[in-house]
Amino acid sequence: MAEVSPEERHLRLIGELDCDPTPLATLRHSTSHVMAQAVKRLFPGVKVAIGPAIDDGFYYDFAKAEPFTPEDLVKIEAAMAEIVAANLPFERQELDRAAAIAFFRERGEPYKVEILEGLDAPRVSLYRQGDFIDLCRGPHVRSTGEIKAFKLLSSSGAYWRGDERNPMLQRIYGTAWLSQEDLDKHLWRLDEAKKRDHRKLGRELELFVFHDVAPGAPFWLPRGMTVFRQLEAYWREVHDANGYLETSTPILVNKKLWEQSGHWDHYSDNMFKLEVEEQTFGLKPMNCPESTFVYRHALRSYRDLPLRVAEIGRLHRNERSGTLTGLFRVRQVTMDDAHIYCRPDQVQDEITSVLGLIRQFYKLLNLEPRFKLATRPDDYMGTIEMWDGAEHGLHEALKANGLAYELKPKDGAFYGPKIDIHVEDVLGRDWQIATIQLDYNLPERFQLEYVDADGHAKRPVMIHRAIFGSFERFIGMLTEHVAGAFPTWLAPVQARVLPVSQKHEDYARAVHARLRAARVRAELDDRNEKLGYRIREAQVQKVPYMMIVGQQEREAGTVSLRHRSGEELKGVPVDRVLADLAREISSRASDLTVGRP
RNA sequence: GCCGGGGUAGCUCAGAGGCAGAGCAACUGAUUCGUAAUCAGUAGGUCGCGGGUUCGACUCCCGCCCCCGGCUCCA
């Protein structure tokens, strides 16, 4: 694609007309205009709203009484292809804002008029291709013929200006790439993502199920619970070694507590409440208020700090029904929480050590963390000075650790700003997982104190942090990240012993018993099925190791080892298998190493 | 919560105002097998839930629940 000269997009407007001038974003933005043109051609009555480039493509919002159907999308795509084939030039035109308002009013485009009325620029730009003219800052490709590879993906409702009080528009999503090859690759990724969907894998691998009777809360099956437990075990190991003290606090708590913490004022829409003997109770949506009871249980000295109080707590949040999505968005959340009470002079070191823990966990699972600083929301508690101080503290900690970060303005918790940690999975999708929150508010609300070296009572600072974030979301993400093929230490079934025929059952049983004695999660598949069938089943279940035993193996005291990767290693002594497995599991290796030279 | 699409056997899905279907899985039997699906038979259902229309409803109408794709919100 040709370079876009700066003068072609010199006009600076603010608001929703932002457009990233990189070639790919420009192409997508242009494709959205072509789509709007096609829609106007096929459905003359619709009104156009906005149509930006987004991460993997573009969308355009239209005001239309009836939603678009899949058949509509096919027709629109065909009309777009015609527009592309016609190779219409994109022509830029500038005019006074008032003239633009008159122009769009005359054309019956109320959304464009509304946008223009909200702008403070004296002049605006329009782009035309063929018979279609749109308010737009640009830039665009030179002509529609430069659009080579695009596809419409879906349609759905979307609120005008993203506000649920506004009318709902019809949005069409599409994707566009610089080459057909890139488009194909993207479509492959979408397809791959569908195959890895944790909801599908969760069922197939028997990790968990959902049921109508408990929307937003999984039933963990034995295999899924094994993954859960192994993550917990690792978590406890690391936290024990890092000076954390584990606690457990009540789930059903009197409203009084939530009033004191501020949750009743700032979070009550998300809380499940119930009446018990004329008192109002709430299921805890967060652990923090109750954590302060652990702190206050004893008189704290400056020597006791930092006090690191951890809790794997089961939380309930009343998420709106339409937002629930598998393990990614649940109503019952198991959070690996901890609250660090420290002196102001300890904050930087504590945050640094939490960042270190997060990097340690994520490295083990081959996840690349990305850091985002979320600042004061509109509905905040406390004073601006407190917030400025806390935001500064988090910024300093990120800087001191040499971590680049993005800003998420107004996205902090109501009691304090946070560093949110996101990861990108193998398919390039982004998940928010861990969080570190700096809080001067709750210590104030709960009148927390410690006795300082000078004998005076001082107020501690509270750091809230979670590494997995929620076990639910984390396991969902991890399942998709590894496509169900968990590293051996996490795999629900680590090895499956397959006798060639029932004649070799005794030896198979002996091998299986030795594996179990070595605390390997091993299964014996001696069903009356052909070997090929049982191999296929183990393969589909992503069992890391299949151990096939027959006459030869029995005589030699070996197994024929088959990795789930398909790799075969014949005649591996059972002793060797046990030793290698023990090493692989205890080191929590991510690769399959057993029997390899 | 909002817009749209769905809910039929454990799973994937077909069907449709007049006896509820298939494949896989399960169970039984035969086969005793060397690296990704052996053969035969059997069993399996409140067609999401509740109401209505009808001689008759899985099918049509109304309400609700749940799921999916988005929006909004979020770990």
Side-chain angles (χ1 to χ4, degrees), chain A residues 59 61 64-70 153-173 194 197 199-200 203-204 206 209-216 267 269-270 285-286 315 317-337 374 408 411 413 418 420-422 431-435 437 464 466-474 476-477 498-505 526-541 546-553 560-564 566-570:
Chain A
Y59 67 79
D61 286 346
K64 178 172 179 289
E66 294 296 315
F68 292 102
T69 65
L153 298 174
S154 61
S155 64
S156 67
Y159 300 109
W160 166 236
R161 290 182 186 269
D163 188 326
E164 64 185 353
R165 290 164 303 192
N166 286 340
M168 188 162 274
L169 307 173
Q170 299 302 329
R171 174 172 298 178
I172 301 177
Y173 283 98
K194 216 176 267 176
D197 189 316
R199 291 166 296 191
K200 176 168 137 58
R203 217 179 12 251
E204 289 171 0
E206 298 182 89
V209 290
F210 283 90
H211 197 284
D212 288 3
V213 297
Y267 208 76
D269 285 352
N270 282 297
M286 297 186 193
L315 312 178
R317 297 179 178 182
N318 191 4
E319 306 292 351
R320 300 204 281 180
S321 57
T323 64
L324 302 176
T325 307
L327 291 178
F328 287 154
R329 193 74 184 279
V330 289
R331 285 196 174 129
Q332 178 187 282
V333 187
T334 312
M335 189 167 287
D336 68 312
D337 222 340
K408 285 206 282 187
D411 207 38
K418 49 185 187 166
D420 280 333
I421 291 86
H422 290 234
W431 311 103
Q432 187 192 329
I433 305 290
T435 186
Q437 308 171 353
H464 310 235
I467 292 178
F468 293 136
S470 95
F471 277 87
E472 288 81 7
R473 178 175 289 183
F474 193 86
M477 186 273 302
L498 311 178
V500 170
S501 84
Q502 288 177 347
K503 283 180 203 151
H504 316 109
E505 237 184 284
D526 57 356
R527 288 176 303 168
N528 181 13
E529 297 287 353
K530 288 177 72 174
L531 181 61
Y533 178 88
R534 287 173 291 144
I535 285 172
R536 180 186 148 77
E537 289 243 307
Q539 192 73 46
V540 168
Q541 291 286 308
M546 286 165 250
M547 296 173 190
I548 294 147
V549 295
Q551 191 56 35
Q552 298 156 32
E553 288 78 13
S560 178
L561 195 64
R562 186 185 160 113
H563 292 199
R564 77 180 154 211
E567 185 177 346
E568 283 177 47
L569 294 158
K570 298 203 171 168

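Order of the sequence lines fixes the chain letters, A, B, ..., with proteins taken first and strands second; residue numbering starts at 1 for each chain.
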Heavy atoms under 4.0 Å is the rule here; annotate nucleotides 65-75 of chain B 5' to 3' with B where the base is hit, S where only the sugar-phosphate is, and - elsewhere.
-SSSBBBBBBB
Heavy atoms under 4.0 Å is the rule here; annotate nucleotides 36-42 of chain B 5' to 3' with B where the base is hit, S where only the sugar-phosphate is, and - elsewhere.
BBB----
If we take the [atom1] atom in both [N] and [M], what is their distance in whole Å?
N: B:C47; M: B:A40; atom1: C1'; answer: 30 Å
N: B:G21; M: B:A43; atom1: P; answer: 13 Å
N: B:G50; M: B:A26; atom1: P; answer: 32 Å
N: B:C2; M: B:U42; atom1: C1'; answer: 49 Å
N: B:C60; M: B:U8; atom1: P; answer: 15 Å
N: B:G15; M: B:G7; atom1: P; answer: 11 Å
N: B:G4; M: B:G63; atom1: P; answer: 13 Å
N: B:G51; M: B:G56; atom1: P; answer: 15 Å

Find the distance [X]:[atom1] to [N]:[atom2] and express it as a whole number of Å.
X: A:Phe68; N: B:G5; atom1: CZ; atom2: P; answer: 15 Å
X: A:Gln502; N: B:G34; atom1: CD; atom2: P; answer: 14 Å
X: A:Glu206; N: B:A26; atom1: CD; atom2: P; answer: 11 Å
X: A:Arg527; N: B:A25; atom1: CZ; atom2: C1'; answer: 10 Å

Considering every strand and a 4.0 Å limit on heavy-atom distances, what is the contact class for A:Glu204: base, sugar-phosphate, or nothing?
nothing
Base, sugar-phosphate or nothing for A:Glu553? Non-hydrogen atoms, less than 4.0 Å.
base
Could you tell me whether the side chain of [X] and the main chain of [Y] form a donor-acceptor pair under 3.5 Å?
X: A:Arg329; Y: A:Leu324; result: no
X: A:Arg534; Y: A:Glu529; result: yes
X: A:Glu472; Y: A:Thr334; result: yes
X: A:Gln541; Y: A:Glu204; result: yes
X: A:Arg317; Y: A:Pro285; result: yes
X: A:Gln539; Y: A:Arg564; result: yes

Quick check: on RNA chain B, is the nucleotide nearest A:Val549 upstream (toward 5') of the one nearest A:Pro67, or the reverse? Name the residue that is more 5'.
A:Pro67
Sort out the partner of [N] for me: Watson-Crick or G-U wobble, both distances under 3.5 Å, none otherwise.
N: B:A20; result: none
N: B:G34; result: none
N: B:C60; result: B:G52
N: B:C74; result: none

Picking from A:Val333, A:Leu327, A:Val330, A:Asp336, what satisfies side chain to side chain contact (heavy atoms under 4.5 Å, CB included) with A:Phe471?
A:Asp336
salt_bridge(A:Arg161, A:Asp163) N-O dist < 4.0 Å
no
Side-chain touch A:Gln432/A:Arg473, heavy atoms, less than 4.5 angstrom
yes
Are the side chains of A:Arg171 and A:Phe68 in touch, meaning some heavy atoms are under 4.5 Å apart?
no
